[in-house]
Asks: 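Pasting a structure here, questions to come.
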Amino acid sequence: MKLHIASALLVALLTSPSAWAGFITFESAGSSPLAIEATRDAFRAAVGGGTIAGPNGSFGGVRREINWDGVPDALADPNGLPANFFNVNSPRGVVFSTPGTGFMVSANAGQPSPTLFGFGNDFQAFSAQRLFTAVNSNITDVTFFEAGTMNAATTNAFAAIFVDVEVAALTKIEFFDASNTLIFSRDVLVAGNQGLSFVGGMANAGERISRVRLTSGLNTIVANGVLGNANDDVVVMDDFIYGEPLQSVQVPEPSSMALLAIGLAGCLAGWRRRR
Ligand SMILES: [Ca+2]
Ligand SMILES: [Ca+2]
Ligand SMILES: [Ca+2]
């Protein structure tokens with residue numbers, strides 16, 4: 001019970017007023033996993049709870065997680081991760097795209113490639129031990145499908161953990177609806193060198209997210225140990241947490257449209273009589 005009150009209080013504290021009506025923001029940053037765990041737990045609870053994933057990162061069919069750690073060595077650094085890995089190999093209802101050349105998850109210790117994309121003095125893992133990045137771009141777009149199918153879907157909530165955010169206003173998360181309108185945007189909190197930043201948004205007025213754009217710093221990862229340039233802030237990602245992707249809501253049946261029209265006509269007639 002105490003825990004519930006504490007969580008509710010935490011959600012209240014972490015919820016910052018913003019111009020984006022209809023979304024609750026969850027965010028925190030710090031030097032270690034402990035610094036963001038409470039926010040991660042509050043977001044998990046808000047999106048349906050659960051701490052132990054069932055098959056394909058599913059928590060009771062309510063929400064999903066991706067921590068990258070189960071990706072096989074053959075699809076990790078120095079090799080690319082297929083954009084549809086998490087809708088085909090391990091169907092979790094998300095497909096990635098980028099203006100860059102692909103995606104990569106970092107190598108585990110003992111593999112030929114150095115861990116943490118070769119930047120052990122800059123990155124750390126939140127969930128041990130793989131991280132995720134787009135290659136040759138700071139942009140990752142996430143689109144949603146009914147898991148394991150090609151049926152377009154939407155979600156009500158999405159959160160990501162960013163690693164090594166050192167400069168304000170370069171790293172951000174954006175949500176777009178089915179008509180490609182921006183419905184939520186949040187700059188990710190600065191955590192400093194090797195730090196971890198959590199940011200998430202959850203709809204509380206029925207909004208549906210069709211695409212999430214993650215902008216990770218201004219620099220790019222070209223290959224293990226190789227940056228796109230020497231100066232700009234490089235940022236990579238760890239865990240994604242999101243509401244179960246559901247097929248887009250169907251347009252109302254003709255019969256219910258007719259009922260709606262009859263109802264409206266009735267209201268209008270009443271209004272006319274009152275006049
Ligand atoms: Ca750094
Ligand atoms: Ca991980
Ligand atoms: Ca950085």
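These numbers were taken from a predicted model, which means no experiment stands behind them. Both counts, for ligands and for their atoms, begin at 1 and track the order of listing.
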Asks: Has D239 got an N/O/S atom less than 3.0 Å from the Ca ion (ligand 2)?
Replies: no
Asks: Over all heavy atoms of both residues, which pair between I139 and T215 is shortest? Give the atoms and the distance, please.
Replies: CD1-OG1, 3.6 Å
Asks: Keeping to residues at least two apart or across chains, list the side chain to side chain donor-acceptor pair (under 3.5 Å) pairs with something in residues 76-89.
Replies: D77-S113, D77-N224
Asks: Would you say N193 has an N, O or S atom lying under 3.0 Å from the Ca ion (ligand 1)?
Replies: yes
Asks: For residues G225 and F119, report the shortest heavy-atom separation together with the two atoms involved.
Replies: C-CZ, 3.4 Å
Asks: Answer yes or no as to whether an N/O/S atom of V165 is found below 3.0 Å from the Ca ion (ligand 3).
Replies: no
Asks: Give a yes-or-no answer on whether the side chains of N180 and R211 include a donor-acceptor pair shorter than 3.5 Å.
Replies: yes
Asks: Would the distance check show the side chain of D164 and the main-chain N or O of Q194 forming a donor-acceptor pair, the cut-off being under 3.5 Å?
Replies: yes
Asks: Have a look at D238 and say which of its N, O or S atoms is nearest the Ca ion (ligand 2).
Replies: OD1
Asks: Is it the case that the side chain of N219 and the backbone of N229 share a donor-acceptor pair, with hydrogens and angles ignored and the cut-off at 3.5 Å?
Replies: yes
Asks: Please calculate the O(S127)-the Ca ion (ligand 2)-O(R130) angle and round it to 10 degrees.
Replies: 110°
Asks: With the Ca ion (ligand 2) as the reference point, give the N/O/S atom of D69 that is nearest.
Replies: OD1
Asks: For the atoms OD1 of D164 and OD1 of D122, give the angle they form at the Ca ion (ligand 1), rounded to 10 degrees.
Replies: 130°
Asks: Look at D233 and state whether any of its N, O or S atoms is less than 3.0 Å from the Ca ion (ligand 3).
Replies: yes
Asks: For the Ca ion (ligand 3), find the closest N/O/S atom on E166 and give its atom name.
Replies: OE1
Asks: Any idea which heavy atoms bring I36 and G30 closest together, and the distance?
Replies: CG2-N, 4.3 Å
Asks: Is the distance between the Ca ion (ligand 2) and the nearest N/O/S atom of N67 smaller than 3.0 Å?
Replies: yes
Asks: Near the Ca ion (ligand 2), is there an N/O/S atom from A128 that is less than 3.0 Å away?
Replies: no
Asks: For W68 and F132, take the angle between the two ring planes, folded into 0 to 90°, and tell me which bin it lands in: parallel under 30, tilted 30 to 60, perpendicular over 60.
Replies: parallel
